[in-house]
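Chain naming here is simple, since letters A, B, ... match the order of the sequence lines and numbering starts at 1 in each.
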Amino acid sequence: MMYDTSDIRKNLKVVIDGYPYAVVDHQFVKPGKGQAFTRTKLKNMMTGAVLERTFKSGEKLEKADMEERQMQYLYPEGDAWVFMDTTSYEQIQLQRELLGDTPDYLQDGMMVDVLFWSNKPIGVTPPTFVELEVIETEPGYKGDTTSNVGKPATLSTGKVISVPLFVNQNDLLKIDTRTGEYVERVKK
Amino acid sequence: MLLDRLRARAQVLSALRAFLDADCFIEVETPLAVPSPGLDVHLAALEVSGLGAPRWLATSPEYQMKRLLCLGLPRIYQISRCFRRGELGRHHEPEFTMLELYRAEAGSEELMRDTEGLVEAAARRVLGGTILPSGTDVAAPWARLTVDDAFREHAGVDVHDVLPDETRFFELLIDKVEPALEAMRAPVFLTRWPRAMASLARLCPDDARWADRFEAYVDGLELCNGFGELTDPVEQRARFAHDQAARREAGLDVYPVDERFLEALEQGMPESGGNAIGVDRVVMAITGAAHIEEVVAFPQSRL
């Protein structure tokens with residue numbers, strides 16, 4: 001399936017030079033009484049690299065066949081991480097370099113969105129919010145619940161984030177995986 | 001912000017009219033639905049039904065205004081809507097406002113002076129001076145740069161080496177030349193276009209490799225497209241035939257030739273200069289808008 005330059009819009013997925021790209025930005029350009037072009041900024045969905053490319057009006061672009069499936073995270077195995085389709089019990093492995101910062105948020109049994117390109121897994125999106133336990137931080141100061149001052153805390157996945165002073169070891173925290181930031185303390 | 005820009009837009013329209021009225025131009029009105037919308041290979045028109053004959057919305061009011069020149073109105077202008085299918089972007093709306101003007105017994109130099117004067121007058125009306133929000137000064141006179149020199153300086157190529165490949169020409173224009181013109185931070189006319197892009201311009205009397213055509217750029221934004229007009233009916237008919245063949249070959253809609261326009265040329269058209277100024281873009285430059293939607297009350301996206 002092919003797209004035309006008039007189909008170009010934000011987030012359209014296309015194949016360029018053998019990689020899947022998502023359109024980040026696009027701009028119609030047409031010099032006076034001249035040929036029209038579409039300037040694009042594209043993000044490589046496997047490496048995250050950004051590419052700028054100008055297409056002639058009417059030029060064809062190959063559609064990237066993308067699919068997202070909910071799968072369960074099982075365990076790491078060497079350099080790969082193993083996920084399972086909970087309906088078919090099919091298991092897949094993803095190499096560490098394709099996971100970006102997702103392992104910072106993965107917990108055994110967590111449901112995640114696995115992105116497939118032409119039936120090959122190429123990435124994982126964790127839930128927007130996850131709850132992770134603090135395994136190490138300096139003891140909390142009881143009274144201080146409003147201050148903006150933070151301190152480092154190590155989470156069960158090994159990730160270190162900045163948390164408010166009142167947070168204690170073994171607390172359960174809600175984390176925004178889009179920003180990697182502390183949201184709130186949750187009751188166990 | 002939009003309301004401020006719409007107020008500025010009204011001031012621009014009023015200043016443009018005042019400038020031309022003071023110079024003995026008369027404002028005319030020609031139909032928007034026309035029998036031939038223009039044959040330029042890079043323009044696509046919107047068809048209109050229900051008028052009893054094939055009609056399209058004009059991509060520019062050029063043919064009918066030139067007929068008025070031939071009828072004996074030597075200085076005319078029109079502020080009208082033009083329609084171009086598929087043109088939508090930061091600098092484009094498929095329905096936009098054009099100031100089209102013609103001056104008999106004149107050529108592109110006079111029309112470039114008119115253009116400088118118009119934009120300067122509009123800026124003075126809105127801003128009380130000639131310095132745009134970008135810092136660019138639009139006080140006349142503006143620089144002139146030939147396409148030949150622009151490509152040599154900014155793209156490092158001889159236009160005639162590039163030209164058999166028109167796509168390459170336009171790629172260099174948008175990727176090398178236009179950004180360099182923007183970096184000048186001064187208004188500039190790009191003059192003497194390759195004859196293959198003559199459209200309805202005459203060839204330069206001193207060198208037939210070039211067409212007597214100009215475009216004005218302010219902060220890299222193209223504001224107008226003007227010609228020393230082609231008045232020769234035989235050459236004009238040959239160009240129409242050539243454009244129709246090119247459209248057919250490219251698989252595009254082939255619009256009819258406007259025979260009444262050609263008849264008018266046969267009756268005799270005075271030596272003239274003409275220019276089409278994008279009014280929305282003039283308002284963009286003067287108000288510092290980055291997107292055409294910021295200066296139009298109801299662009300496609302808000303319609």
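By the 6.0 Å contact criterion, CD on A:E136 is open, its count of non-hydrogen atoms from other residues, nucleotides or ligands being 12 or less. No more than 12 heavy atoms of other residues, nucleotides or ligands lie within 6.0 Å of NZ in A:K43, so this atom counts as exposed by the packing criterion. Within 6.0 Å of the OH atom in A:Y3, the count of heavy atoms belonging to other residues, nucleotides or ligands exceeds 12. Enclosure of atom CD in A:E97 by more than 12 non-hydrogen atoms of other residues, nucleotides or ligands within 6.0 angstrom is indicated. At most 12 heavy atoms of other shown residues, nucleotides or ligands fall within 6.0 angstrom of atom CG in A:D79. Around the NE2 atom of B:H242, the shell of radius 6.0 Å holds no more than 12 heavy atoms that belong to other residues, nucleotides or ligands.
Heavy atoms only, all atoms of each residue included: A:P31 and B:F170 are closest at CG-CD2, 3.6 Å.
Contact annotation for A:T54: only side-chain heavy atoms (C-beta onward) come within less than 4.5 Å of a heavy atom of chain B. Within the 4.5 angstrom heavy-atom criterion, atoms from both the backbone and the side chain of A:K30 approach chain B. Only the side chain of A:Q27 comes within contact range of chain B, with at least one heavy atom under 4.5 Å from a heavy atom of that chain. With a threshold of 4.5 angstrom between heavy atoms, B:L173 approaches chain A through side-chain atoms but not through N, CA, C or O.
To the nearest 0.5 Å, the span separating CZ on A:F37 from OG1 on B:T167 amounts to 6.0 Å.
Scanning residues 90-98 of chain B against chain A with a 4.5 Å heavy-atom cutoff picks out B:R90, B:H92, ordered by number.
Annotation: maximal heavy-atom pairing with chain A below 4.5 Å, among B:E87, B:E215, B:E178, B:E171, occurs at B:E87.
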